[in-house]
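Working notes, structure below.
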Amino acid sequence: VQLQASGGGVVQSGGSLRLSCASSGSTYSIYAMGWFRQAPGKEREFVAADNWKTGNTYYTDAVKGRFTISRDNAKNTGYLQLNGLKPEDTAVYYCAADRTALTSYWRDYDYWGQGTLVTVSS
């Protein structure tokens with residue numbers, strides 16, 4: 001499975017962005033897609049995950065009510081809608097795919113996209 005993340009950019013506080021993660025290859029093997037982020041000098045942290053088999057979603061508390069994870073099965077593409085962005089959301093955002101479970105632990109994921117930078121100015 002190959003993942004290609006896109007959609008990052010520079011926005012002002014309160015703005016919105018939509019990140020995309022296009023998947024190719026053995027996409028039938030994807031059980032869940034997750035989004036993670038890593039700010040400079042910080043560890044990679046879980047943002048949200050979407051079970052492609054059941055539709056269940058899961059968010060970290062810091063983004064609940066502001067971010068929405070979704071997918072387009074026909075396009076094998078996952079999305080992360082970012083609304084109400086704050087400066088503390090600034091980070092490189094990564095999409096990842098897991099073959100067996102929906103998890104918030106980044107080491108469990110099997111495939112990773114290259115990351116897309118989101119910068120939120122105050």
Side-chain angles (χ1 to χ4, degrees):
V1 175
Q2 294 78 46
L3 303 177
Q4 180 74 34
S6 62
V10 180
V11 296
Q12 291 187 333
S13 182
S16 298
L17 285 172
R18 189 176 80 156
L19 307 183
S20 300
C21 182
S23 64
S24 60
S26 302
T27 57
Y28 61 85
S29 67
I30 296 176
Y31 183 89
M33 178 172 285
W35 288 90
F36 294 79
R37 65 186 180 185
Q38 189 165 17
K42 295 188 177 181
E43 294 186 354
R44 188 168 301 188
E45 65 173 353
F46 171 76
V47 177
D50 179 13
N51 187 321
W52 279 27
K53 306 301 183 184
T54 68
N56 290 339
T57 58
Y58 179 56
Y59 299 89
T60 190
D61 287 345
V63 308
K64 283 181 181 177
R66 299 189 298 123
F67 293 5
T68 303
I69 192 170
S70 63
R71 89 205 72 82
D72 184 330
N73 290 337
K75 295 182 179 180
N76 292 316
T77 298
Y79 303 97
L80 186 68
Q81 178 69 40
L82 288 62
N83 296 331
L85 283 162
K86 305 175 182 180
E88 53 263 42
D89 295 318
T90 294
V92 176
Y93 284 70
Y94 298 90
C95 60
D98 194 301
R99 293 176 297 175
T100 59
L102 187 154
T103 172
S104 62
Y105 189 43
W106 68 270
R107 292 187 184 274
D108 288 340
Y109 283 76
D110 303 294
Y111 309 103
W112 288 85
Q114 83 286 7
T116 185
L117 177 62
V118 172
T119 303
V120 185
S121 61
S122 58

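The chain is numbered in sequence order, starting from 1. Every value quoted in this text rests on a predicted model; they were computed, and no experiment measured them.
The backbone N or O of G34 lies less than 3.5 Å from no partner atom in the side chain of Y58, so there is not a single donor-acceptor pair. With T77 contributing its side chain and A22 its backbone, the two residues share no donor-acceptor pair below 3.5 Å. Between the T27 side chain and the S24 main chain, no donor and acceptor come within less than 3.5 Å of each other. Remark: side-chain polar atoms of S26 are not paired, donor with acceptor, to backbone N or O of Y28 under 3.5 angstrom. Side chain of Q114 to main chain of A5: a donor-acceptor pair is present (N/O by atom type, distance under 3.5 Å, no hydrogens or angles).
In this structure, F46 is a member of the same hydrophobic cluster as V92, with clusters built from ILVMFWY side-chain heavy atoms closer than 4.5 Å. Hydrophobic clustering of Ile, Leu, Val, Met, Phe, Trp and Tyr side chains at less than 4.5 Å, counting indirect connections, unites V118 with V47. L82 and L117 fall into different hydrophobic clusters, where Ile, Leu, Val, Met, Phe, Trp and Tyr residues are linked whenever their side-chain heavy atoms come under 4.5 Å apart, directly or through other members. A single hydrophobic cluster is seen to contain both L19 and Y59, as judged by linkage of ILVMFWY side chains at heavy-atom distances under 4.5 Å, directly or through other members.
V120 has its side chain out of reach of V10: every pair of non-hydrogen atoms, C-beta onward, lies at least 4.5 Å apart. Side-chain contact between M33 and C21 is present, with at least one heavy-atom pair separated by less than 4.5 Å. Residues V1 and I30 meet the side-chain proximity criterion, which asks for heavy atoms closer than 4.5 Å. Put simply, the side chain of W52 reaches to within 4.5 Å of the side chain of S23, judged on heavy atoms. Under the 4.5 Å side-chain criterion, counting only non-hydrogen atoms from C-beta, S121 is not in contact with P87.
Each salt bridge (Lys or Arg N to Asp or Glu O under 4.0 Å) pair with one or both residues in residues 90-105, not counting sequence neighbours, appears once here: R99-D110. Pairs of residues two or more places apart, or lying in two chains, never qualify as ring-ring contact (aromatic ring centres under 6.0 Å, His included) while including a residue from residues 64-97. Applying the salt bridge (Lys or Arg N to Asp or Glu O under 4.0 Å) test to pairs two or more places apart or on separate chains, those with a residue in residues 23-39 are R37-E45, R37-D89.
Aromatic ring pairs are classed by plane angle as parallel below 30°, tilted from 30° to 60° and perpendicular above 60°; the pair W106 and W112 is perpendicular.
Within 6.0 Å of the NZ atom in K53, the count of heavy atoms belonging to other residues, nucleotides or ligands exceeds 12.
Across all non-hydrogen atoms, the minimal contact from Y109 to A49 is OH-CB, 3.7 Å.
A donor-acceptor contact closer than 3.5 angstrom links the side chains of S16 and N83.
Here the OH-CZ distance, from Y105 to F36, works out to 10.5 Å after rounding to the nearest 0.5 Å. The SG atom of C95 sits 9.5 Å away from atom CD1 of I69, with the distance rounded to the nearest 0.5 Å. If you take CZ on R71 and CG on L80, they are separated by 13.0 Å, rounding to the nearest 0.5 Å. A distance of 12.0 Å separates CD of Q81 from CZ of R66, quoted to the nearest 0.5 Å. From Y31, atom OH reaches atom OG1 of T100 across 8.5 Å, with rounding to the nearest 0.5 Å. Annotation: the span from N51 atom CG to N56 atom CG amounts to 5.5 Å, rounded to 0.5 Å.
A side-chain contact (heavy atoms from CB on, under 4.5 Å) with V11 is found for one member of T90, T119, L17 and no other, namely L17.
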